[in-house]
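So you know, we letter chains A, B, ... as the sequences are listed, proteins then strands, and number each from 1. Quick note: numbers below take in every heavy atom, side chains included, and nothing from hydrogens, waters or symmetry partners.
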Amino acid sequence: NAGVTQTPKFQVLKTGQSMTLQCAQDMNHEYMSWYRQDPGMGLRLIHYSVGAGITDQGEVPNGYNVSRSTTEDFPLRLLSAAPSQTSVYFCASRFQGPQETQYFGPGTRLLVL
Amino acid sequence: AQSVTQLDSQVPVFEEAPVELRCNYSSSVSVYLFWYVQYPNQGLQLLLKYLSGSTLVKGINGFEAEFNKSQTSFHLRKPSVHISDTAEYFCAVRPHNTDKLIFGTGTRLQVFP
């Protein structure tokens, strides 16, 4: 199993540009989520999905869109990048159920100029 | 609403010394508790979790944590740290009635020779 994979590893954008952060998992997990990590703030939930075709907002959803057309993939779209979106983004997945362990991808480091 | 507090943002310690990383939480419902570790430039991986039963939980790399319901704490301990334990450690809770994982702001453990 590759686990949770994310691409790209690094990205530099200019303000106003759009891009998609890719996330895939091969563990047949129903639940997938996106977090952003900022210094001194821990990880904050952006969006999550409990299965294909179902998505919902997390704590900091503004400026981001998601979709879940397959079980495996959960892309995160930045519609119009802003410097405040400079962060490290982590995708995670797990089986459904609050006891289940969440597995994280290696992260995407995004710089918005 | 739930929250997680990690009181120490940084903990410096010498190699082979014991260490305790503190975590307190606030929740109106019962929670599952997790500790994750993040090595430099990597994603998060699970150290240990408390779901039920014995309040002393043992995890990977010699770490253990004790759940104290009356004090709403889940402190992480290791009797003798190694240089390789240098990393950031995150405490997280998941309420029994939700899918969301709520993180603390993290504690950076720096082990010196």
Side-chain angles (χ1 to χ4, degrees), chain A residues 2-10 21 23-25 27 29-51 54-61 68 74 87-109, chain B residues 1-10 21-27 29-53 57 59-60 65 67 74 87-108:
Chain A
V4 182
T5 58
Q6 292 182 238
T7 56
K9 289 186 178 179
F10 304 96
L21 280 63
C23 173
Q25 53 91 10
M27 297 174 280
H29 288 164
E30 302 98 342
Y31 185 93
M32 295 186 74
S33 53
W34 277 101
Y35 293 85
R36 59 178 289 172
Q37 182 182 25
D38 302 291
M41 302 190 75
L43 278 80
R44 292 180 293 168
L45 183 64
I46 305 172
H47 285 285
Y48 66 98
S49 168
V50 299
I54 306 169
T55 63
D56 205 348
Q57 296 182 352
E59 182 184 354
V60 287
R68 185 97 179 269
F74 191 45
S87 187
V88 182
Y89 292 85
F90 289 100
C91 180
S93 74
R94 62 174 170 84
F95 289 113
Q96 196 70 286
Q99 297 188 10
E100 296 293 338
T101 297
Q102 192 145 286
Y103 296 89
F104 286 82
T108 293
R109 284 155 181 78
Chain B
Q2 293 80 26
S3 65
V4 180
T5 301
Q6 292 182 247
L7 292 169
D8 305 304
S9 59
Q10 295 187 64
L21 306 183
R22 295 181 293 169
C23 173
N24 288 86
Y25 69 93
S26 172
S27 177
V29 300
S30 296
V31 298
Y32 300 112
L33 296 143
F34 305 80
W35 274 100
Y36 281 85
V37 60
Q38 183 182 30
Y39 297 106
N41 299 314
Q42 294 187 27
L44 281 72
Q45 64 182 85
L46 183 71
L47 265 181
L48 49 80
K49 61 182 178 181
Y50 173 78
L51 302 179
S52 65
V57 181
I60 62 171
F67 170 52
F74 191 53
E88 188 144 21
Y89 292 79
F90 291 93
C91 181
V93 302
R94 185 180 294 137
H96 287 197
N97 61 353
T98 180
D99 278 324
K100 298 179 183 178
L101 190 61
I102 302 158
F103 285 88
T105 53
T107 296
R108 178 161 179 76

Residue part contacting chain B, namely of A:Gln96, when any heavy atom lies under 4.5 Å:
side chain
Would one find more than 12 heavy atoms of other residues, nucleotides or ligands at under 6.0 Å from atom OH of A:Tyr103?
no
What part of A:Arg94 lies closer than 4.5 angstrom to a heavy atom of chain B: side chain, backbone, both or neither?
side chain
Proximal component of A:Leu43, with respect to chain B [non-hydrogen, under 4.5 Å]:
both
Please answer whether the main-chain N or O of A:Glu100 pairs with a side-chain N or O of B:Arg94 as donor and acceptor at a distance below 3.5 Å.
yes
To the nearest 0.5 Å, how far apart are CZ in A:Phe104 and CD in B:Gln42?
14.0 Å
Counting only non-hydrogen atoms closer than 4.5 Å, does B:Thr98 touch chain A with its backbone (N, CA, C, O), its side chain (CB onward), both, or neither?
backbone
Atom pair NZ/CG of A:Lys9 and B:Asn41 - distance to nearest 0.5 Å:
10.5 Å
Check the pair B:Leu46, A:Gln102 against side chain to side chain contact (heavy atoms under 4.5 Å, CB included), reporting the backbone distance first and the verdict last.
CA-CA 8 Å; B:Leu46 183 71; A:Gln102 192 145 286; over 6 Å; no
Side chain to side chain contact (heavy atoms under 4.5 Å, CB included) between B:Lys100 and A:Tyr48, worked out
CA-CA 9 Å; B:Lys100 298 179 183 178; A:Tyr48 66 98; 3.6 Å; yes
Are any of the side-chain heavy atoms of A:Leu45 and B:Phe103 separated by less than 4.5 Å?
no
Select one option (side chain, backbone, both, neither) describing which atoms of B:Gln38 are under 4.5 Å from chain A's heavy atoms.
side chain
For A:Val88, is it the side chain, the backbone, both or neither that has a heavy atom under 4.5 Å from a heavy atom of chain B?
neither
If you compare all heavy atoms of B:Tyr32 against all heavy atoms of A:Gln99, which two are closest, and at what distance to 0.1 Å?
OH-NE2, 3.2 Å
Are the side chains of A:Thr101 and B:Tyr36 in touch, meaning some heavy atoms are under 4.5 Å apart?
yes
Heavy-atom contact with chain B under 4.5 Å, split by part of A:Gln37:
side chain
Give, as side chain, backbone, both or neither, the part of B:Leu44 having an atom under 4.5 angstrom from any heavy atom of chain A.
both
